[in-house]
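Excluded from the calculations below are hydrogen atoms, water molecules and symmetry mates; all remaining heavy atoms, backbone and side chain alike, are included. Just so it is clear: chains get the letters A, B, ... in the order the sequence lines come, proteins before strands, and each one is counted from 1.
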Amino acid sequence: MKLSNLIGQRIKEVPREAQTASHVFLVRGGYVRPVAAGIYSLLPLARRVTAKIEAIIRREMDSVGGQEVLLPVVLPEELWQESGRADAVGPELLRFRDRNDKPMVLGMTHEEAVCHLARTEIVSYRQLPCMLYQIQTKYRDEARPRAGLIRVREFTMKDAYSFHGSQDDLDDYYQRLHDAYARIFRQLGLRDVISIQSDTGMMGGAVSHEFMALADCGEDTLFISPDGEYKANREIAVSGLQFEREAPQPLRKVATPGRKTIEEVAAFLGVGPEHTGKAVFYLDHEDNLVFAMIRGDFEVNETKLRNYLGTPALRLADDAAIRACGAEPGYASPMALEPDKLRIVIDHSVAGSGNLVVGANEPDQHYCNFNFGRDFEDGEVADIATARAGDPCPVSGRPLQEKRGIEVGNIFQLGDKYTRPMGCTYLDRNGREQYLIMGCYGIGVGRSMAAVIEQCHDRNGPIWPAAIAPFQVHLCALNNRRPEVAAAADKLYDELLAAGLEVVYDDRNEKAGFMFNDADLIGAPWRLIVSPRTLAEGQVEFKTRDGSEQTMLPLAAVVNTLISRRD
RNA sequence: CGGGGCGUAGCGCAGUCUGGUCAGCGCGACUGCUUUGGGAGCAGUAGGUCGCGAGUUCGAAUCUCGCCGCCCCGACCA
């Protein structure tokens, strides 16, 4: 490719909307262009990178027996009615009607579509296990796209679906996919990709892992034990903190005028927040009131609470809803609630601690020395606390470290969540009809590309790992108006191409600095520079993008040197 | 969905408060000449319904109202 022909202008100035490294360089380097919020066109450079990522993924999926398919982007909503997700998912599922007024959706994931296929094509245990995968466009109408390709509405995803005759078989296959994922991300050049326990969310199922590329701009917060014994998303991470109950003191009401927040109350009474209890009220998807109580130094983990309650949605209750159950906002207490009007969930931190300051359920009053079990015993005790950095690991007891990560892939054990409602059955060896056991496995292609940039860049642009670089070699002809430079560079370009190397050739009549900055933005691993200066010695300058090497090569030896380094 | 910010040429911005030579600057693009090792110089050219729509006014990029879009934080997120 001659740079004079490449579509995708490099731009010097940082677009105002770009904040993260990958976003900045993808736009500045001419890889992507925004079309609408969270919707991007991929230009040739980006497409070359994603094609390589896809090839790596494809090879690994094939190696574990995957069969590639291509399912539709546009699906009849009735398929989603069958699975029950038409009602379960919110506005992120884009719905519309076709010309015959038939309800349709844009696929945001393809469990329904693959089940539609599987229920007619997989009929016998002899066909199992079976894994189908595709690399295809997804659409999710995200409320807030952000950070370039990190979080988008339209994106390319590899999604795979496996079918099994038993949970044991799924367990085995799940581990094989877990290993395949580790190989894929290693080949992409991502460092620090770790698999962590995660919430299964709307996908359902019992077991899931997320593959996180560690990066400061990542959207997810992870807790990791320093010994690697425990790795979990904050959404589900468990704190190993042990609670101690001191001897209960008599319950005592104290005036706390105007003090509503934990900070205000704790400061007013001269105690630490760990000696207080926090009351949080939620409404679930059916507007049922939920009272969650947690120690003041913790935060309620809404994912945990949602999972515990089995509700798909929670939102904070307004004051009117709180008063409706007899509680006083800001001074709410578990005592004197009306248990038949709401569900009460007590965190272990409250159940395990004694002598807490809690609301007295009337304005400007709190109780000291609240003890769960003595002063109040209704409600369900559960883990609804958000783990904190420094809390002990629940496995090893070492202090948990907090990291940020980009979720580049995930794997789920779905069981029969989809196969049962959608009637995906097969005949087992006894001729009995059984529901297929299912797993699903996703990798975000564009997000992976962005994650690589987040991890591999300098101030001038991406430093692509060779495996996914848009080009292997960036050839610059400095001062190419001189016939000998142009001739030598043209010849070298042809020879490199003939040798099977991927070359971008800067054949423009530009200043050196201009060319070098473009080369940095394109980020090819190797740079070759032909100039009057090098040609005077019969040489070409060779330089690696990461700056680790810079040397002169005899003109005649360039091609063979690069070939031997590539292989 | 809540909070904040922003929409003026492909990109980055000034101009808006205080209505009237304010349709401007830099980069980029195009032509020519010079230059050639980290985003060169000179000369010239093209490019904008000032997000959209109403309204106020003799006059609106500028004031008012409504709408749309985009970005950031939060909520949400298989």
Side-chain angles (χ1 to χ4, degrees), chain A residues 8-20 23-24 27-28 30 33-39 80 83 85 88-93 107-112 138-148 150-153 155 157 159 161 198-205 208-210 217 219-220 233 235 282 285 302-303 306 312-316 318 407 409-414 417-418 438-444 459-461 476-482 485 506 508-521 527 529-535 541 543 547 550:
Chain A
Q9 188 105 229
R10 274 71 54 202
I11 54 183
K12 194 192 314 193
E13 288 172 286
V14 178
R16 188 182 16 178
E17 67 270 18
Q19 309 283 327
T20 62
H23 193 184
V24 168
V27 173
R28 283 194 54 209
R33 293 289 180 246
V35 175
I39 298 179
W80 287 62
S83 71
R85 284 207 297 186
V89 302
E92 63 269 23
L93 177 64
M108 51 189 281
T109 171
H110 280 74
E111 284 74 20
E112 287 81 1
K138 299 278 184 278
Y139 187 86
R140 295 181 192 175
D141 216 7
E142 296 283 355
R144 188 158 97 78
R146 58 176 291 271
I150 301 286
R151 183 159 211 85
V152 286
R153 292 194 291 174
F155 56 101
M157 184 177 205
D159 48 324
Y161 307 90
S198 63
D199 182 45
T200 55
M202 292 273 298
M203 292 297 297
S208 70
H209 287 82
E210 291 169 337
C217 74
E219 297 184 290
D220 290 273
N233 196 307
E235 291 181 333
Y282 291 95
H285 66 298
E302 292 184 17
T303 303
R306 202 163 54 228
L314 279 180
R315 58 197 160 85
L316 288 171
D318 54 39
E407 182 187 353
N410 54 30
I411 57 179
F412 293 85
Q413 292 194 7
L414 299 175
K417 175 178 164 70
Y418 295 91
M438 189 173 171
C440 78
Y441 318 90
I443 293 178
R459 57 193 297 274
N460 295 320
C476 290
L478 295 189
N479 204 349
N480 75 348
R481 279 206 172 166
R482 297 214 197 168
V485 171
D506 195 341
R508 303 169 301 174
N509 177 33
E510 295 290 352
K511 300 269 289 184
F514 190 91
M515 287 183 162
F516 293 161
N517 281 299
D518 272 3
D520 286 345
L521 281 169
R527 183 188 306 172
I529 300 158
V530 177
S531 73
R533 188 194 296 177
T534 67
L535 287 180
E541 184 183 315
K543 189 177 179 185
Q550 185 167 4

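- Between A/A147 and A/D159, the residue anchored closer to the 5' end of RNA chain B is A/A147, taking for each the nucleotide with the nearest heavy atom.
- Residues A/C217 and A/T20 share a closest heavy-atom pair of CB-CG2, 3.7 Å.
- Straight-line distance between the C1' atoms of B/rC13 and B/rU35: roughly 29 Å, to the nearest whole Å.
- For A/R508 against B/rG39, a side-chain-to-base donor-acceptor contact under 3.5 Å is absent.
- Side chain of A/R481, nearest nucleotide from B/rG37, B/rU35, B/rG38: B/rU35.
- Residue-level contact check: A/M515 touches neither bases nor backbone, having no heavy atom under 4.0 Å from any strand.
- Between the C1' atoms of B/rU16 and B/rG51, the separation comes to 16 Å (whole Å).
- Remark: the separation of the P atoms in B/rG32 and B/rG69 is 44 Å, to the nearest Å.
- Contacts of A/P145 with the nucleic acid, taken as non-hydrogen atoms under 4.0 Å apart, involve only primed sugar atoms and P, OP1 or OP2.
- One atom, CG of A/D220, and another, C1' of B/rG74, lie 15 Å apart when rounded to the nearest Å.
- Nucleic acid contact for A/T534: base, since at least one base atom lies under 4.0 Å from a heavy atom of the residue.
- At least one side-chain heavy atom of A/L535 sits less than 4.5 Å from a side-chain heavy atom of A/V485.
- Using a 4.0 Å heavy-atom criterion, one finds that A/A37 contacts the sugar-phosphate atoms exclusively.
- Taking 4.5 Å as the limit, every side-chain heavy atom of A/Y139 sits out of range of all side-chain heavy atoms of A/L93.
- Comparing B/rC63 with B/rG20, their P atoms sit 11 Å apart, to the nearest whole Å.
- Contact annotation for A/D520: base contact, defined as any heavy-atom pair under 4.0 Å involving a base atom.
- B/rG12 and B/rU57 are spaced 37 Å apart, taking the P atom of each and rounding to whole Å.
- For B/rG38, the base has no donor-acceptor partner in the side chain of A/K12 [N/O atoms by modelled type, under 3.5 angstrom].
- Between the side chains of A/E112 and A/S83, at least one donor N or O lies within less than 3.5 Å of an accepting N or O.
- Partner assigned to B/rU31 is B/rA43, using Watson-Crick or G-U wobble distances below 3.5 angstrom.
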Output a table of nitrogen or oxygen pairs between the protein and nucleotides 6-10 of chain B separated by less than 3.5 Å.
| unit_1 | atom_1 | unit_2 | atom_2 | d |
| --- | --- | --- | --- | --- |
| B/rC6 | O2' | A/R16 | NH1 | 3.3 |
| B/rC6 | O2' | A/R16 | NH2 | 2.6 |

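- Spacing between B/rA9 and B/rG15 at atom C1', rounded to whole Å, works out to 15 Å.
- Base engagement by A/R144 is indicated by at least one non-hydrogen atom pair under 4.0 Å involving a base atom.
- Note on A/E219: nothing from the nucleic acid sits closer than 4.0 angstrom, heavy atoms only.
- Listed nucleotides: B/rC70, B/rC76, B/rC72. Nearest to the side chain of A/Q19: B/rC72.
- A straight line from CD of A/Q9 to C1' of B/rG12 spans 14 Å, rounded to a whole angstrom.
- Spacing between atom CZ of A/R33 and atom P of B/rC70 amounts to 18 Å, rounded to whole angstrom units.
- Annotation: B/rG7 and B/rC17 have their P atoms spaced 14 Å apart (nearest Å).
- Pairing of B/rG2, defined by two Watson-Crick or G-U wobble distances under 3.5 Å, is identified with B/rC73.
- Within the shown strands, nothing qualifies as a pairing partner of B/rG37 under the Watson-Crick or G-U definition with both distances less than 3.5 Å.
- Under the Watson-Crick or G-U wobble criterion, with both distances below 3.5 Å, B/rG48 has no partner in any strand shown.
- Contact annotation for A/L521: base contact, defined as any heavy-atom pair under 4.0 Å involving a base atom.
- Judged by distance alone, with hydrogens and angles left aside, A/R28 brings a side-chain donor or acceptor within reach of the base of B/rG39, the pair sitting under 3.5 Å.
- With a 4.5 Å cut-off on side-chain heavy atoms, A/K417 and A/M438 do not count as touching.
- Ion pairing of A/D520 with A/R459 is absent here, as no side-chain N (NZ or NE/NH1/NH2) approaches a carboxylate O to less than 4.0 Å.
- Note: CG (A/D506) to P (B/rG38) measures 15 Å, nearest angstrom.
- Of the C1' atoms belonging to B/rC22 and B/rC33, the separation is 34 Å, rounded to the nearest Å.
- Evaluation of atom-type donor-acceptor distances gives no pair under 3.5 Å for the side chain of A/N479 against the base of B/rG37.
- Side-chain atoms of A/N460 and A/L521, non-hydrogen and from C-beta on, never get closer than 4.5 Å to each other.
- Distance A/N480 CG to B/rU35 P: 15 Å, rounded to the nearest Å.
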Output one line per pair: protein atom, nucleotide atom from nucleotides 40-44 of chain B, and distance, for all N/O pairs under 3.5 Å.
none

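- Among the atoms of the strands shown, base atoms are found under 4.0 Å from some heavy atom of A/R533.
- In this entry the distance linking CZ of A/R146 with C1' of B/rC71 reads 12 Å, nearest Å.
- Both A/M108 and A/R10 lie close to RNA chain B; mapped to their nearest nucleotides by heavy-atom distance, the more 5′-ward contact belongs to A/R10.
- For A/E111 and A/T109, the side-chain atoms include at least one donor-acceptor pair closer than 3.5 Å.
- Between the side chains of A/Y418 and A/R85, a donor-acceptor pair is found at a separation under 3.5 Å.
- For A/R10 (side chain) and A/G8 (main-chain N/O), a donor-acceptor pair under 3.5 Å exists by modelled atom type.
- Salt bridge annotation for A/R153-A/E92: absent, with no cationic side-chain nitrogen under 4.0 angstrom from a carboxylate oxygen.
- At least one side-chain heavy atom of A/Q9 sits less than 4.5 Å from a side-chain heavy atom of A/R33.
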